[in-house]
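Only heavy atoms go into these numbers, but all of them, side chains included; no hydrogens, no water, no symmetry mates. Not measured: the values here are computed from a predicted model. Index from 1, following the sequence.
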Amino acid sequence: MSEFANKRYVVTGAASGIGHAVAEKLLAAGAEVYSLDRNTPTAAVTRHIEVDLANPRSIEAAVAQLEGRFDGLMNVAGVPGTAPADVVLAVNALAVRELSEAMFERLQPGGTVTTVSSTAGFGWPARLEVINELLSTLSFEEGVAWFKDNPQQGNAYNFSKEVSTVYAMSMGLMAAQNGFRINAVLPGPVETPILADFEDTMGKGNLDGLKALLGRHATPDDIAGAILFLASDAAQWINGHALVVDGGASGAVLTGVIPAPEI
């Protein structure tokens, strides 16, 4: 029997792409899946709750509809850099924090929180002080106000993913002390419905060059497998970690084999 059988998971973004693949894998393994998304998922989830992740009141209302305790939260939903900057930060970073912290007290002992960040957030070490300023805000609304007062250079998507990566890493000790784990998965380009948006914001040449080097982009299943691994007992000592799942591109950049993309 699968270790996921009869366990209960909340998955955001289950209506498409990586979130859909995560939901399908969990359901196939015998888990209950509670979908939080603005769109209705095509997977046969246990229950779907509509939510606007750019709105903290909507997140609060969605969580209030969840009953009982859960074995994990998968923060998969995200918006690309073609969306307005404030929406990008709200959904990709502030909603991740808001929903995760709303679920902490609902997790079973040994539960997990897994967030899909991105290798586009590779610049976080250079902006760590600023990211920690944002993460020191005490509410979703304060985070929105901070970002309005502190606009960041470059694409808001990159910054939002820097924030979600640092959030997962920085919360590991707190999670361990409270009996659960928190990690992030960092994909490179993935064949999802919003890939064209990433080509617009990050440069089609950059993404095509990467595809030529690796032979293909990732599939949603490639990333979903990593997400389920981090939620599994096989990963029970992996905590506060940012797992790169990009076919080898980041390793090549970090060791100087290829130059860092200008995104």
Side-chain angles (χ1 to χ4, degrees), residues 11-28 35 37-39 41-43 53 74-83 87-88 91-93 96 114-124 154-165 168 183-232 235 241-263:
V11 180
T12 70
S16 67
I18 298 166
H20 171 81
V22 168
E24 291 281 25
K25 284 181 180 291
L26 286 171
L27 291 165
S35 160
D37 203 300
R38 64 183 179 181
N39 299 314
T42 52
L53 291 171
M74 279 80 163
N75 290 305
V76 188
V79 293
T82 49
V87 174
V88 171
V91 174
N92 293 355
V96 166
T114 312
T115 295
V116 175
S117 187
S118 172
T119 56
F122 68 86
W124 69 262
N155 193 310
Y157 181 83
N158 298 7
F159 181 64
S160 73
K161 293 303 188 178
E162 292 170 13
V163 174
S164 61
T165 294
N183 293 293
V185 170
L186 280 55
V190 185
E191 294 283 0
T192 69
I194 57 173
L195 181 61
D197 295 273
F198 292 119
E199 291 176 343
D200 286 346
T201 57
M202 297 182 181
K204 191 172 187 303
N206 278 331
L207 271 61
D208 286 350
L210 199 54
K211 187 176 182 178
L213 285 171
L214 295 173
R216 64 176 179 88
H217 287 321
T219 67
D221 273 355
D222 290 329
I223 312 306
I227 294 167
L228 263 67
F229 164 70
L230 287 176
S232 74
H241 183 65
L243 178 65
V244 174
V245 187
D246 71 353
S250 292
V253 169
L254 289 169
T255 55
V257 176
I258 60 173
E262 294 184 10
I263 58 173

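- Pairing each heavy atom of A77 with each of L53, the nearest pair is CB-CD1, 3.5 Å.
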Side chain to side chain contact (heavy atoms under 4.5 Å, CB included) between N183 and L243, intermediate numbers included: CA-CA 8 Å; N183 293 293; L243 178 65; over 6 Å; no

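- The two residues Y157 and A120 have their closest heavy-atom pair at CE2-CB, 3.8 Å.
- When all heavy atoms are compared, the tightest approach of V190 to P220 is CG1-N, 3.8 Å.
- Residues passing the side chain to side chain contact (heavy atoms under 4.5 Å, CB included) test with L254, sequence neighbours excluded: none.
- Between V88 and G81, the shortest heavy-atom contact is CG2-CA, 4.3 Å.
- Using a 4.5 Å heavy-atom cutoff, the side chains of S16 and N39 are not in contact.
- Although no hydrogens or angles enter the test, the distance criterion places a donor-acceptor pair under 3.5 Å between the side chain of D37 and the main chain of A15.
- Here the side chains of M74 and L26 are in contact, with some heavy-atom distance below 4.5 Å.
- The closest donor-acceptor contact from the side chain of N92 to the backbone of V79 lies under 3.5 Å.
- Minimum interatomic distance between A242 and T165 (heavy atoms only, all atoms of both residues): CB-CG2, 3.9 Å.
- Residues passing the side chain to side chain contact (heavy atoms under 4.5 Å, CB included) test with S164, sequence neighbours excluded: T115, S117, K161.
- Residues H20 and V76 form no side-chain contact, since every pair of their non-hydrogen atoms from C-beta on lies 4.5 Å or further apart.
- Between atom CG of residue L207 and atom NE2 of residue H217 there is a gap of 5.0 Å, rounded to the nearest 0.5 Å.
- A heavy-atom distance below 4.5 Å is found between the side chains of I18 and I227.
- Residues A249 and L210 approach most closely at CB-CD1, 3.5 Å, considering heavy atoms.
- Under the rule for a salt bridge (Lys or Arg N to Asp or Glu O under 4.0 Å), the partners of D222 that lie at least two apart in sequence or sit in another chain are R216.
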